[in-house]
Structures are given as C-alpha cells and as structure tokens.
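Here's the structure, in structure tokens; my notes come after.
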Amino acid sequence: MRAGTLPSTAYDDMPYTRGGTVDRAEVGALVQSAVDGDAAAWKALVEGLSPLVWSVVRSHRLSDADGHEVYQTVWLRFSQHLRRIREPEKAGSWLASTARNECLKVIKSLRRLMPTDDPQLLDRVSEERTPEQSLIDAEEAASDAERIRRLWQEFEELGDRCRQLLRVLMASPPPSYQEVSAGLGIAVGSIGPMRQRCLRRLRARLDALGAL
C-alpha cells in the first residue's frame with residue numbers, strides 16, 4: 001500500500017489532525033464492513049485513521065524511508081488481524097500501538113547498525129509525550145484495568161476450594177507443598193493437579209467472556 005497525503009480527519013474526537021473526526025461507532029462499523037469484504041469501508045478506514053498512524057510514526061523521528069516502511073507494515077498487520085480484532089471500535093488504538101511497536105523495532109535495528117557515542121543520534125524517540133501517545137497510554141491502562149477486574153470477578157466465581165488454593169499459592173514467597181497440605185488439608189500429590197484444574201476452569205471462564 002503506497003503512503004499518500006494525509007487526509008484531514010481525526011480519531012476518537014481527539015485533535016490528531018486539523019479537520020473532521022472519525023468516532024468510535026463509525027470506526028467499528030467500518031471494520032465490520034471491511035471484514036465482510038467491503039472495499040469502500042477499507043478505503044474509509046485507511047483514509048480516516050492514517051493521520052493517527054502517521055502522528056505516532058512522526059513522533060519517533062524516523063527518516064522518511066523508515067517512516068513509510070512502518071506505515072505500510074502497520075496497515076499490513078491490520079489487514080492480517082482484521083478478523084481477530086475483538087473490539088472493532090478501538091481499531092485506532094490497535095493501529096497506534098502497532099505503529100509505536102514497529103517504530104521501536106526500527107530504532108533498535110538502527111542502533112545496532114550504527115554504534116555511536118553521540119546521545120543526540122541515539123535519542124531518536126521524543127522525550128515529550130504527544131497527545132496521541134498520552135491517549136494511547138490511557139486507553140491501554142484502562143484496558144489492562146478492565147481485564148484485571150474481569151479476572152478477579154471470575155476468580156470469585158470459582159469454588160471455595162479453588163479460591164483458597166490459588167490464593168495460598170499466589171503468596172510471595174510461595175509456600176511449599178508441604179505447608180499448603182498442612183494448611184488446607186490437601187494431600188501433597190493432589191495439589192499440582194488440583195491447581196491445574198482450577199486454572200483451566202478460570203481460563204475457560206475468561207475465554208468465554210473474551211476477557212483476555
């Protein structure tokens with residue numbers, strides 16, 4: 001995909017670029033349509049969210065060639081993962097996070113290829129947080145917090161025995177199996193298998209919710 005000029009659009013009602021906006025509901029609907037093979041929806045996604053991708057790329061101070069390569073890679077990754085994105089309305093955050101990761105890969109590669117003692121050459125990532133990066137970090141933190149909340153919510157739905165065992169084994173430092181056996185009245189040889197069964201049960205509950 002060839003990088004073109006930046007459309008005058010934005011994402012998530014934030015001023016990524018001067019111009020219009022692309023809200024979450026619209027992004028989610030476009031992703032669903034693109035999954036169904038709607039070429040116009042895919043074009044609208046690229047035009048609407050390219051400014052966000054470019055803003056992240058440019059904040060990392062890459063060369064034009066490296067920046068365009070990252071831009072193309074991000075959209076390639078997006079097309080490959082399109083059907084697996086669980087929250088289509090957050091496609092902008094997915095793209096921005098992927099762009100940041102790809103930029104960091106390029107920077108690490110450049111540092112290996114060009115050893116230097118000049119800190120100005122090594123410091124290719126801006127120390128200042130852009131509005132885009134701040135929003136991305138906030139969304140990622142909120143998403144992590146929600147996953148943790150769901151995990152503990154499902155944990156509390158496990159049976160008493162599972163909760164007791166997993167809580168004891170999560171202690172730091174972890175107790176020995178002999179100590180667990182004495183404290184909970186479980187045979188030493190049963191602790192490992194029981195732990196695995198409890199974790200599988202928890203994983204199944206979380207998978208059913210799409211929480212992880």
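No hydrogens, no waters, no symmetry mates; every other heavy atom, side chains included, goes into these values.
- L206 and L151 make their closest contact through CD2-CA, 3.8 Å (heavy atoms, listed as atom of the first residue, atom of the second, distance).
- Between L166 and L199, some side-chain heavy-atom pair lies under the 4.5 Å cut-off.
- Looking at L30 and D38, their side chains never come closer than 4.5 Å, going by heavy atoms from C-beta outward.
- When side chains are defined from C-beta on, S181 does not count as touching Q178, because their heavy atoms never get closer than 4.5 Å.
- Two residues are said to be in side-chain contact when any heavy atoms from C-beta on lie closer than 4.5 Å; R83 and V35 meet this criterion.
- Here the shortest heavy-atom pairing between I85 and F78 reads CD1-CE1, 3.3 Å.
- Distance check, rounded to the nearest 0.5 Å: CD of Q72 to CD of E102 gives 12.0 Å.
- Nearest heavy-atom pair, C103 versus V70, reported as atom, atom and distance to 0.1 Å: SG-CG1, 3.9 Å.
- Within the 4.5 Å cutoff, side-chain heavy atoms of Y177 are placed close to those of L169.
- The shortest non-hydrogen separation linking L158 to C162 is CB-CB, 4.1 Å.
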Take S33 and W42 through the test side chain to side chain contact (heavy atoms under 4.5 Å, CB included) and record every step on the way to the result. CA-CA 8 Å; S33 296; W42 174 260; over 6 Å; no

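- A salt bridge links R167 with E156: at least one charged nitrogen is closer than 4.0 Å to a carboxylate oxygen.
- Between N101 and T98, the side chains place no donor N or O within less than 3.5 Å of an acceptor N or O (distance only, hydrogens not considered).
- Taken to the nearest 0.5 Å, the OG atom of S59 stands 12.0 Å off from the CH2 atom of W54.
- Y71 contributes atom OH, which lies 12.5 Å from atom CG of L76 (distance to the nearest 0.5 angstrom).
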CA sep, side-chain torsions, deciding dist, call: S63, D66, side chain to side chain donor-acceptor pair (under 3.5 Å): CA-CA 5 Å; S63 67; D66 289 334; 3.2 Å; yes

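- Interatomic distance, L165 CG to R197 CZ, rounded to the nearest 0.5 Å: 9.5 Å.
- With a 4.5 Å cut-off on side-chain heavy atoms, R163 and D160 count as touching.
- Nearest heavy atom pair, residue A91 against residue V31, reads CB-CG2, 3.9 Å.
- Taken to the nearest 0.5 Å, the CD1 atom of I186 stands 4.0 Å off from the CZ atom of R161.
- The environment of R195 atom CZ is sparse: at most 12 non-hydrogen atoms of other residues, nucleotides or ligands sit within 6.0 angstrom.
- R201 and G159 get closest at one heavy-atom pair: NH1-N, 4.4 Å.
- Atom NE2 of residue H68 and atom OG1 of residue T73 lie 12.5 Å apart, to the nearest 0.5 angstrom.
- Contact check for W94 versus R77: side-chain heavy atoms found under the 4.5 Å cut-off.
- No more than 12 heavy atoms of other residues, nucleotides or ligands lie within 6.0 Å of CD in E69, so this atom counts as exposed by the packing criterion.
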